[in-house]
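Note sheet for the following structure.
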Amino acid sequence: MNKIKNTIICIGSIFIGGLLNMAIISMSSYIIPPPAGTDLTTEAGLQAAMPLMQPIHFLMPFLAHALGTLLAAYLVTKWGIMHQKQWAIGTGFWFLLGGTMMVFSLPTPLWFAVVDLGLAYIPMGYLGYYLGKKY
């Protein structure tokens with residue numbers, strides 16, 4: 001029964017972390033305007049805009065990925081019943097899967113792919129676990 005509860009908690013935590021991720025991405029163009037003449041609302045427009053983007057344009061997507069993962073791992077640790085560390089790291093792997101799909105579907109710069117995949121998911125899963133256990 002505890003496994004079922006943990007699974008439901010994990011799914012809910014991933015959903016909430018995904019909502020935060022989407023909220024940050026949605027607000028990002030208001031905080032850091034995209035290159036002039038680009039349309040980031042469609043995948044084709046986003047792909048066409050990638051070569052025009054400067055490093056600052058990748059800050060908000062990185063924060064969205066990192067903070068969404070961090071929140072999900074924190075929540076699964078706080079609300080989880082057993083094996084919170086495994087569940088928190090599991091949420092990090094789930095978000096890593098999504099990040100990997102994003103890297104392969106968009107022509108992102110190599111440096112961003114390395115930073116995003118290396119720092120935004122598994123390390124944030126560990127940090128979310130640590131923060132969830134501490135507070």
Looking at every non-hydrogen atom in both residues, tell me the closest pair between [X] and [Y] and how far apart they are.
X: P33; Y: H57; result: O-NE2, 3.0 Å
X: F95; Y: G18; result: CZ-N, 3.8 Å
X: M124; Y: A120; result: CG-O, 3.4 Å
X: T108; Y: A113; result: OG1-CB, 4.1 Å
X: G118; Y: P123; result: O-CG, 3.3 Å

I'd like to know if [Y] and [X] are part of one continuous hydrophobic network [Ile/Leu/Val/Met/Phe/Trp/Tyr, side-chain heavy atoms within less than 4.5 Å].
X: M60; Y: V114; value: no
X: L40; Y: V103; value: yes
X: I25; Y: M102; value: no
X: M50; Y: L110; value: no
X: L70; Y: Y129; value: no

Sub-4.5 Å side-chain heavy-atom contact between [X] and [Y]:
X: I14; Y: V76; answer: no
X: Q86; Y: I89; answer: no
X: C10; Y: T91; answer: yes
X: L67; Y: N21; answer: no
X: L46; Y: T42; answer: no

Nearest 0.5 Å, please: how far is [atom2] in [Y] from [atom1] in [X]?
X: Y126; Y: L131; atom1: OH; atom2: CG; answer: 14.5 Å
X: I31; Y: I56; atom1: CD1; atom2: CD1; answer: 11.0 Å
X: Q54; Y: I32; atom1: CD; atom2: CD1; answer: 12.0 Å
X: I9; Y: W79; atom1: CD1; atom2: CH2; answer: 8.5 Å
X: T77; Y: L127; atom1: OG1; atom2: CG; answer: 10.0 Å
X: N2; Y: K5; atom1: CG; atom2: NZ; answer: 6.0 Å

Whether the side chain of [X] engages the backbone of [Y] through a donor-acceptor N/O pair (distance < 3.5 Å, no angle test) should be reported.
X: H65; Y: F62; answer: no
X: Q84; Y: G132; answer: no
X: T38; Y: P34; answer: no
X: N6; Y: I81; answer: yes

Aromatic centroids of F112 and F58 separated by under 6.0 Å:
yes
Begin with the C-alpha distance, continue with both residues' side-chain angles, and end with the deciding distance and a verdict on side-chain contact (heavy atoms from CB on, under 4.5 Å) for L20 and I16.
CA-CA 6 Å; L20 177 61; I16 293 169; 6.0 Å; no
Step-by-step side-chain contact (heavy atoms from CB on, under 4.5 Å) determination, W94 to T69:
CA-CA 9 Å; W94 182 257; T69 305; over 6 Å; no
Can you check side-chain contact (heavy atoms from CB on, under 4.5 Å) on D116 and Y121, steps first, answer last?
CA-CA 8 Å; D116 192 53; Y121 303 107; 3.0 Å; yes
If you count heavy atoms of other groups shown closer than 6.0 angstrom to CE of M101, is the number above 12?
no
